[in-house]
Amino acid sequence: MSSRLNRALGPWQLMFTGLSAMIGSGWLFGAERAASTAGPAAILAWLLGAFIALVIAAMATELGGMFPVAGGMVRYANLTHGPLVGFMAAGANWLSIVSVVPVEAEASVQYMSSWPFPWAQGMYHDGVLSPSGLAAAAVLVVVYFLLNFWGVRFFARFNSAITVFKLIVPATTAVLLMASSFHAGNLSGAETGGFMPYGLSGVLTAVATSGIVFAFNGFQSPLNLAGEARNPGRSIPFAVIGSVATATVIYLLLQCAYLGAVRPGAGGWAGLSFSSPFAQLAIAFNLNWVAMLLYFDAFLAPSGAGATHLASSTRMTLGMQRNGTLPDLLGAIHPDYGVPRPALWFNLGAAYIFLFCFRGWGILAAVISVCTVISYLMLPISALALRHTLADRPRPVRVPVMRVTGALAFMFSSLLLYWARWPLSGYIILLMLLLLPLYLWCRRQDSWAQHRAAARHAVWFMVYLPTIAALSYAGSPQFGGHGWIAYGWDLIVVAVVSLLFCVWGVRSAVPVPDLSLMDEEDDGLPDIGH
């Protein structure tokens, strides 16, 4: 087996991996869930989500340009803060990506359940897939696996071919729905409790749990595939920023179309529930050919996203192996196809575990969103730390005013975690802490001195997680807390506490990063400084 990947991806192919990951099941269901949580102010939720994603993506782009390696998103924290923090951040990141693979399959089957056939309608009941629906989703996951099995070139050609179609269908759907039925009063909320019927907390919760963070999480794909980019210094920023900006336009169009087309009943926006939102709206307005197109795209869009996230999570597994926190077997790369096939099989198994444990799109999307937020936390901390410890390292992308931008990125990530609401925020933080025994087993060969050094650089992170959980528990009822901290003040407290932890986290970085952890794949690359 080889240890090197094929650098075969150009800038457009790399950007299409990000777009394909973003325009998946999120466009099929995100608008409906955001509207039910925030009402017409869901538009603000998408804008806020896009802004936060761009700020965090800027951190990731600077890091990715400096270190264009496979599974980059799981490797930066290991470089700056040692194996313990690296493992915790990587674990959250890997969970947030590999769990998307089954959720895309579930989305396809959920849309299929609205077909006018008894066998199809029996696949989805009361928010979860039936046994037949699970079987259909399991087959789709195998399809995603096969698209990755024969190399990155095969995957990239398939992905590029369908991404253009995936952009055209949602944009066309939004325009036609607005042309067929658009009630401008819905956007002002004149008859449904105002523009912000569930308050600012509804908007913030929509960003964190209604699929918005989940949708924008696809910007990680170009970073995780950076080890296979031909000119990563130029391709990575183009791919990351371009994919986020394009996806934002598509999602805003869809949200406006959904809000303008739907007439909320007595239960208001929160009372709306569709199994196939846009397809059912198209049928209601006699746009039957659009509905048929949507049913077809309900297979195609999630399939592209599922295949992309499986590719991304596989490179994350490879990156974690090269961090020294997974067995060497998972680092083997096929000599002919340049694919880490053992890691691919490993992620297939993980995808099936998530599929059978979480049997509905909405349930799993909320869990993924919170794991995603935890995975974001280390990006600004690592970027800020490297400005001090590797000040002379060439940076193809240099984020302006890094001290301010990095602090804001960490603060936004902490607020997103808080907005996810108690007890979900607490459950996911507990899951992160439960990874510790796995870390100790993977690093069982380390000496006591090595464990002590890793713990010294991780103290701030181990204190940060329960602190945010405690603030979530004690916070305002608007975010699921017990009301010990009044609404409004709770947001200020979380913001201030996060900034203090940001300073502590940056100061806890290793003083001299071990570049051998990252440079193993860089030989043969063009000079990234030019």
Heavy-atom check, side chain of Arg387 versus side chain of Arg398, under 4.5 Å: yes
Gap between atom OG1 of Thr389 and atom CG of Leu515 - 0.5 Å precision: 8.5 Å
Which residues share a ring-ring contact (aromatic ring centres under 6.0 Å, His included) with Phe461, sequence neighbours left out: none
Sidechain-backbone polar pair: Ser243 side chain, Val240 backbone, donor-acceptor under 3.5 Å: yes
Pairwise distance NE2(His388) to CZ(Arg507) - rounded to 0.5 angstrom: 9.0 Å
Rounded distance [0.5 Å steps], CG in Leu79 versus CE in Met66: 8.0 Å
Aromatic ring pairing Tyr464/Phe501, orientation class (parallel under 30°, perpendicular over 60°, tilted between): perpendicular
Nearest heavy atoms of Met59 and Ala383, plus distance in Å: SD-CB, 4.2 Å
Parallel, tilted or perpendicular: rings of Trp12 and Phe238 (30°, 60°): perpendicular
Backbone of Trp441 reached by a side-chain donor or acceptor of Arg444 within 3.5 Å: yes
Centroid separation Phe145 to Tyr352 less than 6.0 Å: no
Ala89 versus Met378, closest heavy-atom pair with distance: CB-CG, 3.7 Å
Side-chain donor or acceptor of Ser414 paired with backbone N/O of Phe410 under 3.5 Å: yes
Pairwise side-chain contact, Val98 with Thr317, heavy-atom cut-off 4.5 Å (strictly under): no
Point-to-point distance, once rounded to the nearest 0.5 Å, from CG of Leu416 to CD1 of Ile56: 6.0 Å
Heavy-atom closest pair, residues Ala454 and Tyr439: CB-OH, 3.8 Å
Flag, side chain of Thr61 to backbone of Ile236, donor-acceptor distance under 3.5 Å: no
Main-chain N/O of Leu440 paired to His451 side chain as donor or acceptor, under 3.5 Å: no
Within-4.5 Å side-chain heavy-atom neighbours: Val459 and Ser508: no
Taking every non-hydrogen atom, the tightest pair across Ala50 and Phe216: N-CE1, 3.6 Å
Side chain to side chain contact (heavy atoms under 4.5 Å, CB included) evaluation trace for Trp345 with Leu348: CA-CA 5 Å; Trp345 281 104; Leu348 176 66; 4.0 Å; yes
Pairwise side-chain contact, Arg393 with Phe67, heavy-atom cut-off 4.5 Å (strictly under): yes
Gap between atom OG1 of Thr246 and atom CG of Leu167 - 0.5 Å precision: 7.0 Å
For Asn347, the option from Ser313, Pro340, Pro342 that meets side-chain contact (heavy atoms from CB on, under 4.5 Å): Ser313
Rounded distance [0.5 Å steps], CZ in Arg395 versus CG in Leu386: 6.5 Å
Which atom of Val101 lies closest to which atom of Leu310, heavy atoms considered: CG2-N, 3.7 Å
Closest heavy-atom pair and its distance - Thr467, Val463: OG1-O, 2.7 Å
Any side-chain heavy-atom pair of His457 and Pro511 under 4.5 Å: yes
Check: Phe412 ring centre within less than 6.0 Å of Phe51 ring centre: yes
Student check: side-chain heavy atoms of Leu436 and Leu84 closer than 4.5 Å: yes
Trp94: which of Phe354, Phe346, Phe87 passes ring-ring contact (aromatic ring centres under 6.0 Å, His included): Phe346
Side chain proximity check, Ile381 to Thr80, heavy atoms < 4.5 angstrom: no
pair Met22-Ile250: side-chain heavy atoms closer than 4.5 Å: no
